[in-house]
J.: 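One structure coming up, written as structure tokens, with questions to follow.
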Amino acid sequence: MARAHWLVKSEPFKYSWDDLVKDGSTYWDGVRNYQARNNLRAMKVGDYAFYYHSNEGKEVVGIAKVTRSAYQDPTTDDDRWVVVDVEPVKPLKTPVTLAQIKADSKLQKIPLVTHSRLSVMPLEKPDFERILELSKIPSTRR
DNA sequence: GCCAACGTTGGC
DNA sequence: GCCAACGTTGGC
């Protein structure tokens with residue numbers, strides 16, 4: 001089956017891209033929303049996920065890879081919640097901001113725009129690639 | 001810091 | 001099972 005694409009959000013002061021790079025890998029905890037949880041469960045080893053900084057920055061900063069599929073969240077006894085393991089793949093050349101995504105005619109339907117509170121969301125491949133394209137535009141030309 | 005949007009909880 | 005109240009998230 002083809003690799004799936006995702007976007008995960010983190011508040012950078014809680015756990016930033018740099019933290020992930022520093023740690024080498026982490027488990028993605030803290031999801032307490034059923035829809036996001038279901039998305040976590042659908043992730044497979046090898047899937048790519050954009051790493052988005054919410055609140056501070058509000059931009060996609062890097063690409064992470066799923067290294068272990070969903071298992072019981074070690075931070076709670078509540079068996080409704082799961083985590084996945086992720087590791088950094090590479091940072092985006094230039095971050096892609098929410099404003100850019102909102103302004104892009106091809107990206108109007110992605111959950112980040114239509115469903116802003118969802119913290120783990122699937123992305124269609126063309127949308128994933130479109131965001132990658134945007135990240136190649138140097139910030140000086142924006 | 002405010003507030004809108006949305007999800008969850010709990011009373012009935 | 002409905003819906004009002006409440007809490008949380010996240011953009012601005």
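Fair warning: this is a prediction, and the values are worked out from it, not measured in the lab. Residue numbers begin at 1 in each chain, while the letters A, B, ... track the order of the sequences.
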J.: Measure CD1/A:I101 against P/C:dG10 and give the value in whole Å, please.
T.: 15 Å

J.: Would A:D73 and A:Y27 count as having a side-chain donor-acceptor pair, cut-off 3.5 Å?
T.: no

J.: Does A:D77, at its CG atom, have more than 12 non-hydrogen atoms belonging to other residues, nucleotides or ligands within less than 6.0 Å?
T.: no

J.: If you check the A:L98 side chain, which of C:dG10, B:dG7, C:dC12 turns out closest?
T.: C:dC12

J.: Return the 5'-most residue of the pair A:T114, A:R80 with respect to DNA chain B, ranking by each residue's nearest nucleotide.
T.: A:T114

J.: Report yes if a donor N or O on one partner sits less than 3.5 Å from an acceptor N or O on the other, where the partners are the side chain of A:R32 and the base of C:dT8; otherwise report no.
T.: no

J.: Does C:dG10 have OP1 or OP2 under 4.0 Å away from a side-chain N or O of A:K58?
T.: no

J.: Of the nucleotides C:dG10, B:dG7, C:dC12, which has the atom closest to the A:S54 side chain?
T.: C:dG10

J.: Could you pick out which residue, A:K102 or A:G30, lies toward the 5' side of DNA chain C when each is mapped onto its nearest nucleotide?
T.: A:G30

J.: Using whole Å, what does the distance between atom P of nucleotide C:dG10 and atom CG of A:L118 come to?
T.: 9 Å

J.: Please report, rounded to the nearest Å, how far the C1' atom of B:dT8 is from the OH atom of A:Y34.
T.: 8 Å

J.: On the nucleotide C:dG11, are OP1 or OP2 found under 4.0 Å from the side-chain N or O atoms that A:H115 carries?
T.: no

J.: Can you tell me the distance, in whole Å, between the CG atom of A:L112 and the P atom of B:dA5?
T.: 17 Å

J.: Quick one: A:Q35 CD to C:dT9 P, roughly how many Å, whole number?
T.: 15 Å

J.: Determine, for A:E133 against A:K136, whether the closest basic-nitrogen to carboxylate-oxygen distance falls under 4.0 angstrom.
T.: no

J.: For A:R117 and B:dC3, what is the distance between atoms CZ and C1' respectively, to the nearest whole Å?
T.: 12 Å

J.: Distance check needed: C:dT8 P versus A:K9 NZ, whole Å only.
T.: 17 Å

J.: Testing the basics here: between A:A64 and A:L20, what is the closest heavy-atom pair and its distance to 0.1 Å?
T.: CB-CD2, 4.2 Å

